S.K.: 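Take this structure first; my questions come after.
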Amino acid sequence: MKPSLNKVPRHLAVVLDGNRRLAKRLMAKPWKGHEWGARKVEKLIEWCISLKIKELTLYAFSVENFNRPKTEFDYLMDLFVKEFTRFKDDPRIKKHGIRVNFLGRIHMFPSKVQKLMYEIMSNTDENKGFILNFAMAYGGRTEVIDAIKTMAEKIDNKQLKIDEINDEVFSSYLYSDKEPDLIIRTGGEQRTSNFLIWQSAYSEWIFLEKMWPEFEKEDLVKCLQDYEKRERRFGK
């Protein structure tokens, strides 16, 4: 039975928090939590498509995450290679017309991870059914800094005038100018953690106690029902 929803966000973003803490609670190695989290991402994509959400942005790996212990970091890189290799040939990409973007300083990743990212983006570039963004090697502040650097180069090269800069122009220099309607953060923490600091200016936020691998479709539906009741004022 489909949930009764009259309004769903066009663009949903999710902070995937709590993988390691769940593994610790269950007395498993921390990287097992990441494996469980990856499986749940697959389900989330299916749920969003079935609920007619058009775009999904996932905070999957921050710039700060590069400081993780080497054993965990190496496991994560191997997990990304395994998951992206499998995902690039997933028939659901063609079935649903999924376009995949990777947002962040992806040059920071090992070459084998980068290669897969670029391959997936190239293979799905023309798809128009559903947009899936992975924020990886991502930080909201680094995104703003990178945008400013690019704009400064354009100004130096006489390709951009200072008096032309406004919200719309600045947004176009970000990794993505798409603004999420709703952002969900799992894991019990109530902070934004440097995620989409420009794009989320008027986003609705929901914070959940559940760890990311524990998140289920009924949790998503409850969040959407909460969102449906809210009146979005956009500062007015």
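Small disclaimer: the values here were computed from a predicted structure and weren't measured. Residue numbers run from 1 in the order of the sequence given.
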S.K.: Less than 4.0 Å between a side-chain N and a carboxylate O, is that true for Asp163 and Lys161?
M.R.: no

S.K.: In chain order, what residues pass the salt bridge (charged side-chain N to carboxylate O under 4.0 Å, His left out) check against Glu64, with sequence neighbours excluded?
M.R.: none

S.K.: Any side-chain heavy atom of Tyr202 sitting closer than 4.5 Å to one from Glu179?
M.R.: no

S.K.: Given 3.5 Å as the limit, does a donor-acceptor pair link the side chain of Glu204 with the main chain of Tyr227, or not?
M.R.: no

S.K.: Main chain of Gly37, side chain of Trp212: is a donor-acceptor contact present, judged purely on distance under 3.5 Å?
M.R.: yes

S.K.: Any salt bridge linking Arg21 with Glu189? Criterion: basic side-chain nitrogen under 4.0 Å from a carboxylate oxygen.
M.R.: yes

S.K.: Are Val41 and Ile183 in one and the same hydrophobic cluster, where Ile, Leu, Val, Met, Phe, Trp and Tyr link if side-chain heavy atoms are under 4.5 Å apart?
M.R.: no

S.K.: Run the side chain to side chain contact (heavy atoms under 4.5 Å, CB included) test on Trp36 and Asn19 for me, step by step, so that the C-alpha distance in whole Å, both residues' side-chain angles and the decisive distance to 0.1 Å come before the verdict.
M.R.: CA-CA 7 Å; Trp36 302 331; Asn19 292 339; over 6 Å; no

S.K.: Working to the nearest 0.5 Å, report the span between CG of Leu132 and CG of Asn101.
M.R.: 8.0 Å

S.K.: Provide the closest heavy-atom pair for His11 versus Thr57 in the form atom of the first, atom of the second, distance.
M.R.: NE2-OG1, 2.8 Å

S.K.: Looking only at atom types and distance, does a side-chain atom of Asp219 sit under 3.5 Å from a main-chain N or O of Phe215, one as donor and one as acceptor?
M.R.: no

S.K.: Does the pair Leu182 and Leu224 meet the rule for a side chain to side chain contact (heavy atoms under 4.5 Å, CB included), with working shown?
M.R.: CA-CA 9 Å; Leu182 172 64; Leu224 299 184; 4.0 Å; yes

S.K.: Salt bridge check: are Glu164 and Lys154 linked by an N-O gap of less than 4.0 Å?
M.R.: no

S.K.: Calculate, to the nearest 0.5 Å, the distance between atoms OG and CD1 belonging to Ser203 and Ile184 respectively.
M.R.: 12.0 Å

S.K.: So which heavy atom on Pro213 is nearest to which on Gly33, and how close?
M.R.: CG-O, 3.9 Å

S.K.: Are Val15 and Leu174 connected, step by step, through hydrophobic side chains (Ile, Leu, Val, Met, Phe, Trp, Tyr) whose heavy atoms are closer than 4.5 Å?
M.R.: no

S.K.: Could Glu42 and Arg92 be called an ion pair, given the rule that one side-chain N must be under 4.0 Å from one carboxylate O?
M.R.: yes

S.K.: Which atoms form the tightest heavy-atom contact between Tyr173 and Val169, and what is the distance?
M.R.: CD1-O, 3.1 Å

S.K.: Dump the intermediate steps for salt bridge (Lys or Arg N to Asp or Glu O under 4.0 Å) on Lys94 and Asp89, then the final yes or no.
M.R.: CA-CA 9 Å; Lys94 183 176 181 180; Asp89 297 319; over 6 Å; no

S.K.: Can you see whether Phe130 has Lys54 sitting over its ring - NZ or CZ less than 6.0 Å from the centre and within 45° of the normal?
M.R.: no

S.K.: Given side chain to side chain donor-acceptor pair (under 3.5 Å), test Trp198 with Ser171 step by step and report yes or no.
M.R.: CA-CA 8 Å; Trp198 177 272; Ser171 293; 2.8 Å; yes

S.K.: Provide the closest heavy-atom pair for Gly97 versus Asn127 in the form atom of the first, atom of the second, distance.
M.R.: O-CB, 3.3 Å

S.K.: Grouping I, L, V, M, F, W and Y whenever their side-chain heavy atoms are under 4.5 Å apart, do Ile98 and Met136 come out in a common cluster?
M.R.: yes

S.K.: Would you say Phe195 ends up clustered with Leu208 if hydrophobic residues are merged whenever their side chains have heavy atoms under 4.5 Å apart, either directly or through other cluster members?
M.R.: no

S.K.: Evaluate ring pair (Phe, Tyr, Trp, His ring centres under 6.0 Å) for Phe61 paired with Phe80, printing each intermediate quantity in order.
M.R.: CA-CA 11 Å; Phe61 198 83; Phe80 289 149; 5.7 Å; yes

S.K.: Got Leu76 and Trp31 here, is their nearest side-chain heavy-atom distance under 4.5 Å?
M.R.: no

S.K.: If the threshold is 4.0 Å, N to carboxylate O, is there a salt bridge linking Arg230 and Asp226?
M.R.: yes

S.K.: May I have the list of side-chain donor-acceptor pairs in residues 137-147 shorter than 3.5 Å, sequence neighbours left out?
M.R.:
unit_1	atom_1	unit_2	atom_2	d
Tyr138	OH	Glu143	OE1	2.6
Tyr138	OH	Leu196	N	3.0
Thr142	OG1	Gly139	N	3.4
Thr142	OG1	Gly139	O	2.8
Glu143	OE1	Gln199	NE2	3.4
Glu143	OE2	Tyr175	N	3.0
Glu143	OE2	Gln199	NE2	3.0
Asp146	OD1	Arg105	NE	3.4
Asp146	OD1	Arg105	NH2	2.9
Asp146	OD2	Arg105	NE	3.0
Asp146	OD2	Tyr175	OH	2.5

S.K.: Does some side-chain heavy atom of Phe102 sit less than 4.5 Å from a side-chain heavy atom of Met117?
M.R.: yes

S.K.: Would you give the length of the straight line joining atom CH2 of Trp47 to atom CG of Leu12, rounded to the nearest 0.5 angstrom?
M.R.: 12.0 Å

S.K.: Just verifying a value: how many Å separate Arg39 CZ and Lys43 NZ, rounded to the nearest 0.5 Å?
M.R.: 9.5 Å

S.K.: Restricting to non-hydrogen atoms, name the atom on Met211 and the atom on Gly187 that form the minimum distance, rounded to 0.1 Å.
M.R.: SD-CA, 3.8 Å

S.K.: How far apart are the C-alpha atoms of Ile165 and Ile155, what are their side-chain angles, what is the distance that settles it, and do they pass the side chain to side chain contact (heavy atoms under 4.5 Å, CB included) test?
M.R.: CA-CA 10 Å; Ile165 299 172; Ile155 292 169; 4.1 Å; yes

S.K.: Is it true that Arg185 and Asp17 make a salt bridge, defined as a side-chain N closer than 4.0 Å to a carboxylate O?
M.R.: yes

S.K.: Between the side chains of Asp74 and Lys70, is the shortest nitrogen-to-carboxylate-oxygen separation below 4.0 Å, so that they form an ion pair?
M.R.: yes

S.K.: Can a side-chain donor-acceptor contact be found between His34 and Glu72 if the only test is distance below 3.5 angstrom?
M.R.: yes

S.K.: Kindly indicate whether the side chain of Val14, heavy atoms from C-beta on, has any atom under 4.5 Å from the side chain of Tyr59.
M.R.: no

S.K.: Are Ile131 and Met121 linked, directly or through intermediate hydrophobic residues, by side-chain heavy-atom contacts shorter than 4.5 Å (ILVMFWY only)?
M.R.: no

S.K.: Nearest 0.5 Å, please: how far is CG in Leu116 from OG1 in Thr85?
M.R.: 4.5 Å

S.K.: Please say which of Asp125, Thr124, Asn123, Asn133 ends up in a side-chain hydrogen bond (donor to acceptor under 3.5 Å, both in side chains) with Arg99.
M.R.: Asp125

S.K.: To the nearest 0.5 Å, what is the distance between NZ on Lys178 and CG on Leu103?
M.R.: 9.5 Å

S.K.: Could you tell me whether the side chain of Glu228 and the main chain of Lys7 form a donor-acceptor pair under 3.5 Å?
M.R.: yes

S.K.: Check Glu35 with Lys40, please: is the shortest side-chain N to carboxylate O separation under 4.0 Å?
M.R.: no

S.K.: Test your reading of the model: is there a side-chain donor-acceptor pair from Asn157 to the backbone of Gln159, 3.5 Å cut-off?
M.R.: no

S.K.: What is the minimum heavy-atom distance between Val8 and Lys52, and which atoms define it?
M.R.: CG2-O, 4.0 Å

S.K.: Decide yes or no for Thr186 and Phe207: does some side-chain heavy atom of the first lie under 4.5 Å from some side-chain heavy atom of the second?
M.R.: no

S.K.: My understanding is that only residues two or more places apart in sequence, or in another chain, count here; which of them pass salt bridge (charged side-chain N to carboxylate O under 4.0 Å, His left out) with Glu214?
M.R.: Arg25

